[in-house]
**Student:** 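Pasting a structure here, questions to come.
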Amino acid sequence: MEFLKLFIVALMPVLKVLLITVLGTFLALDRFDILSRETARKNLNTIVFFVFAPALVCGSLAETVTSKSIVTLWFMPLNVLLTFIIGAALGWLVVKLMRVPHHLQGLVLGCCAAGNLGNLPLIIVPAVCKQTGNPFGDADICHRNGLAYASLSMAVSKKEKIMKQVKVLAEKMKLKALFAPATIGALVGLLIGVVPIFRKMLIVNNAPLGVIQDSLVMVGDAGIPAMTLLVGANLIKGLKGLGKQVPIVVGIIVVRFIILPVIGIGIVKGAIHFGLIHPDPLYQFLLLLQFALPPAVALSTITQLFGVSEGECSVIMLATYSCAAFSLTLWSTFFMWLVL
């Protein structure tokens, strides 16, 4: 396909995220008084990560992931692990080169290591499939496979060894307390999707307990827009202090939007060369996309829920997500061209 057509296909999903983010920012302005109060954002944060996120992960995985797809997609957990390890190593370099203050080191490491593997792939990949002239074939098949890949992307990574390597970050920001519900939702969703008897009871057409799955999906569907609105709402604080953190912000942007995507291309193309990845352009596109995502939204929520480096995190999120509006479009266009 022509590069310009690919650019337009890649642009539309990013614009959707950007528009909802801007709406969240407006709702957080004092004149609207909807998400402007700390208690309002904190309460919505709590609902998102203890109700919406587990339901979203569980419902998506139960519906789209099977025992066969897990075997086929074995490389994705390794890919996510590599993004985390390489990002953490690059983050450590940023901390040392920029002489990041001690109380911000965990935040910088987290922003470099943890990309937004949750709502962004779930928005971007299926949305690309729905675009007229998408490069991945039939829209329905593309959407179904894209949802499965993105759901699995949301569910993977937290090996004990890796968690030990970032023990300082986990202790300072209480990651275990926050991620527990989503982790449980992922495990339950995988169990339902993989075990045939559970799948027959809950997922297949006319399943006797299908109403439970439908209700779970309805609750989970509220998670993506709510998460994105909160990103915009939490950016308000970043508008007030952007100039104070420029060196740190630049370091994170260089890591997440330049170095990691370039490394990711080498890793994924190498895996394709050695036959480690099955020849599905959509799957390869998502693997590449995982290296080009902005920092995880969860980091912003963690700082707000527990009052750790909240202002600095807002600054970083404002800068990185503003930059992501352009970088994601460009990288997505290039990745689609690369895998076709």
**Student:** Any side-chain heavy atom of Phe257 sitting closer than 4.5 Å to one from Thr320?
**Tutor:**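 Phe257 vs Thr320: side chains touch.
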**Student:** Enter the distance from Leu93:CG to Met98:CE here, rounded to the nearest 0.5 Å.
**Tutor:** 10.5 Å
**Student:** Give a yes or no on whether Leu19 and Phe26 share a hydrophobic cluster (residues Ile, Leu, Val, Met, Phe, Trp, Tyr; joining criterion: side-chain heavy atoms under 4.5 Å apart).
**Tutor:** no
**Student:** Is any side-chain heavy atom of Ile272 closer than 4.5 Å to one of Pro279?
**Tutor:**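 Heavy-atom side-chain distance check fails, nothing below 4.5 Å.
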**Student:** In this structure, would Leu23 and Ile47 fall into the same cluster of hydrophobic residues linked by side-chain contacts under 4.5 Å?
**Tutor:**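 The answer is yes; both residues are in one hydrophobic cluster.
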**Student:** Could you give the distance from CD1 (Ile252) to CG (Leu109), rounded to the nearest 0.5 Å?
**Tutor:** 9.5 Å
**Student:** Please list, chain by chain and in numerical order, all residues satisfying ring pair (Phe, Tyr, Trp, His ring centres under 6.0 Å) with Phe335, sequence neighbours excluded.
**Tutor:**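 Partners of Phe335 by the ring pair (Phe, Tyr, Trp, His ring centres under 6.0 Å) criterion, ordered by chain and then number, come out as Trp331.
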**Student:** When you measure from the side chain of Asn116 to the backbone N and O of Leu293, does any donor-acceptor pair fall under 3.5 Å?
**Tutor:** no
**Student:** Restricting to pairs with a member in residues 214-223, which pass side chain to side chain donor-acceptor pair (under 3.5 Å), not counting sequence neighbours?
**Tutor:**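 Checked against side chain to side chain donor-acceptor pair (under 3.5 Å) - neighbours excluded - no pair reaches residues 214-223.
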**Student:** Would you please test Leu29 and Leu35 for side chain to side chain contact (heavy atoms under 4.5 Å, CB included) and show each step?
**Tutor:** CA-CA 7 Å; Leu29 295 174; Leu35 290 176; over 6 Å; no
**Student:** When rounded to the nearest 0.5 angstrom, what distance separates CG in Leu11 from CG in Leu18?
**Tutor:** 9.5 Å
**Student:** To check you understand the geometry: which heavy-atom pair defines the closest contact between Met336 and Val128, and what is its length?
**Tutor:** SD-CG1, 4.1 Å
**Student:** Could you tell me which residues satisfy ring pair (Phe, Tyr, Trp, His ring centres under 6.0 Å) with Phe285, sequence neighbours excluded, listed by chain and number?
**Tutor:** Phe136
**Student:** Kindly give the heavy-atom pair with the smallest separation between Val249 and Ala319, and that separation in Å.
**Tutor:** CG1-CB, 3.2 Å
**Student:** Would you say Met12 and Leu15 make side-chain contact, with heavy atoms under 4.5 Å?
**Tutor:** yes
**Student:** Go through Lys16 and Thr228 one step at a time and tell me if the side chain to side chain contact (heavy atoms under 4.5 Å, CB included) criterion holds.
**Tutor:** CA-CA 10 Å; Lys16 293 177 183 178; Thr228 313; over 6 Å; no
**Student:** With the side chain counted from C-beta on, respond yes when Leu216 and Ile212 share a heavy-atom pair under 4.5 Å apart, and no when they do not.
**Tutor:**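 The answer is no; the side chains never approach within 4.5 Å.
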**Student:** Would a 4.5 Å heavy-atom cut-off, applied to side chains only, mark Trp337 and Thr333 as touching?
**Tutor:**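 Contact flag for Trp337/Thr333 side chains = no.
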**Student:** Determine whether Leu340 and Tyr283 fall in the same hydrophobic cluster, where Ile, Leu, Val, Met, Phe, Trp and Tyr are linked whenever their side-chain heavy atoms lie under 4.5 Å apart.
**Tutor:** yes
**Student:** Measure from the side-chain N and O atoms of Gln284 to the backbone N and O of Val268, and report whether any donor-acceptor pair falls under 3.5 Å.
**Tutor:** no
**Student:** Using a 3.5 Å distance criterion without hydrogens, assess whether the side chain of Ser332 forms a donor-acceptor pair with backbone atoms of Thr329.
**Tutor:** no
**Student:** For Phe75, check ring pair (Phe, Tyr, Trp, His ring centres under 6.0 Å) against everything at least two apart and list the hits.
**Tutor:** none
**Student:** Should Val17 and Tyr321 count as side-chain neighbours, where that means a heavy-atom distance under 4.5 Å?
**Tutor:**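 No, every pair of side-chain atoms sits at 4.5 Å or beyond.
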**Student:** Enter the distance from Asn79:CG to Ile267:CD1 here, rounded to the nearest 0.5 Å.
**Tutor:**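 If we round to the nearest 0.5 Å, Asn79:CG and Ile267:CD1 are 7.0 Å apart.
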**Student:** Please say whether more than 12 non-hydrogen atoms of neighbouring residues, nucleotides or ligands are located less than 6.0 Å from CZ in Phe274.
**Tutor:** no
**Student:** Could you grab the distance from atom OG of Ser327 to atom CZ of Arg256, nearest 0.5 Å is fine?
**Tutor:** 10.0 Å
**Student:** Could you tell me which non-hydrogen atom of Phe52 sits nearest to which non-hydrogen atom of Val219, and how far apart they are?
**Tutor:**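 Looking at all heavy atoms of both residues, the shortest contact is CD2-O, 3.5 Å.
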**Student:** What are the two closest non-hydrogen atoms of Gly264 and Leu288, and how far apart are they?
**Tutor:**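 Closest approach of Gly264 to Leu288, heavy atoms only: O-CD2, 3.8 Å.
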**Student:** Pair up each side-chain donor or acceptor in residues 193-210 with any protein partner under 3.5 Å, not counting sequence neighbours, and list the distances.
**Tutor:**
from, atom 1, to, atom 2, distance (Å)
Arg199, NH1, Ala62, O, 2.9
Arg199, NH1, Gly193, O, 3.3
Arg199, NH2, Glu63, O, 3.1

**Student:** Mind checking disulfide bond (SG atoms under 2.5 Å apart) for Cys112 and listing every partner two or more places apart, or none if nothing turns up?
**Tutor:** none
**Student:** Indicate, with yes or no, if Met218 and Leu229 share a hydrophobic cluster defined by side-chain heavy-atom contacts under 4.5 Å among Ile, Leu, Val, Met, Phe, Trp and Tyr.
**Tutor:**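 Looking at the clustering, Met218 is in a separate group from Leu229.
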**Student:** Specify the closest pair of heavy atoms between Thr83 and Leu260, including all atoms of both residues, with the distance to one decimal.
**Tutor:**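 Of all heavy-atom pairs spanning Thr83 and Leu260, the closest is O-CD2, 4.4 Å.
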**Student:** Would you mind reporting whether Leu90 and Val94 have side-chain heavy atoms less than 4.5 Å apart?
**Tutor:** no
**Student:** Where the side chain of Gln105 meets the backbone of Val100, is there a donor-acceptor pair that is under 3.5 Å apart?
**Tutor:** yes
**Student:** State, yes or no, whether a side-chain contact exists between Met317 and Pro295 at a heavy-atom distance under 4.5 Å.
**Tutor:** yes
**Student:** Rounded to the nearest 0.5 Å, what separates atom CD1 in Ile263 from atom CG in Leu82?
**Tutor:**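 Going from the CD1 atom of Ile263 to the CG atom of Leu82 covers 10.5 Å.
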**Student:** Which heavy atom of Cys111 sits nearest to which heavy atom of Ile316, and what is that distance?
**Tutor:** SG-CG2, 3.8 Å
**Student:** Side chain to side chain contact (heavy atoms under 4.5 Å, CB included) for Met76 and Leu286? Distances and angles first, verdict last.
**Tutor:** CA-CA 9 Å; Met76 186 177 289; Leu286 180 58; 3.6 Å; yes
**Student:** Kindly indicate, with the supporting measurements, whether the criterion side chain to side chain contact (heavy atoms under 4.5 Å, CB included) is fulfilled by Trp74 and Leu276.
**Tutor:** CA-CA 9 Å; Trp74 70 270; Leu276 301 177; 4.1 Å; yes
**Student:** Is it possible for you to say whether Leu191 and Val217 belong to one hydrophobic cluster, with membership spreading through side-chain heavy-atom contacts below 4.5 Å?
**Tutor:**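 Different clusters: Leu191 never reaches Val217 through Ile, Leu, Val, Met, Phe, Trp or Tyr contacts under 4.5 Å.
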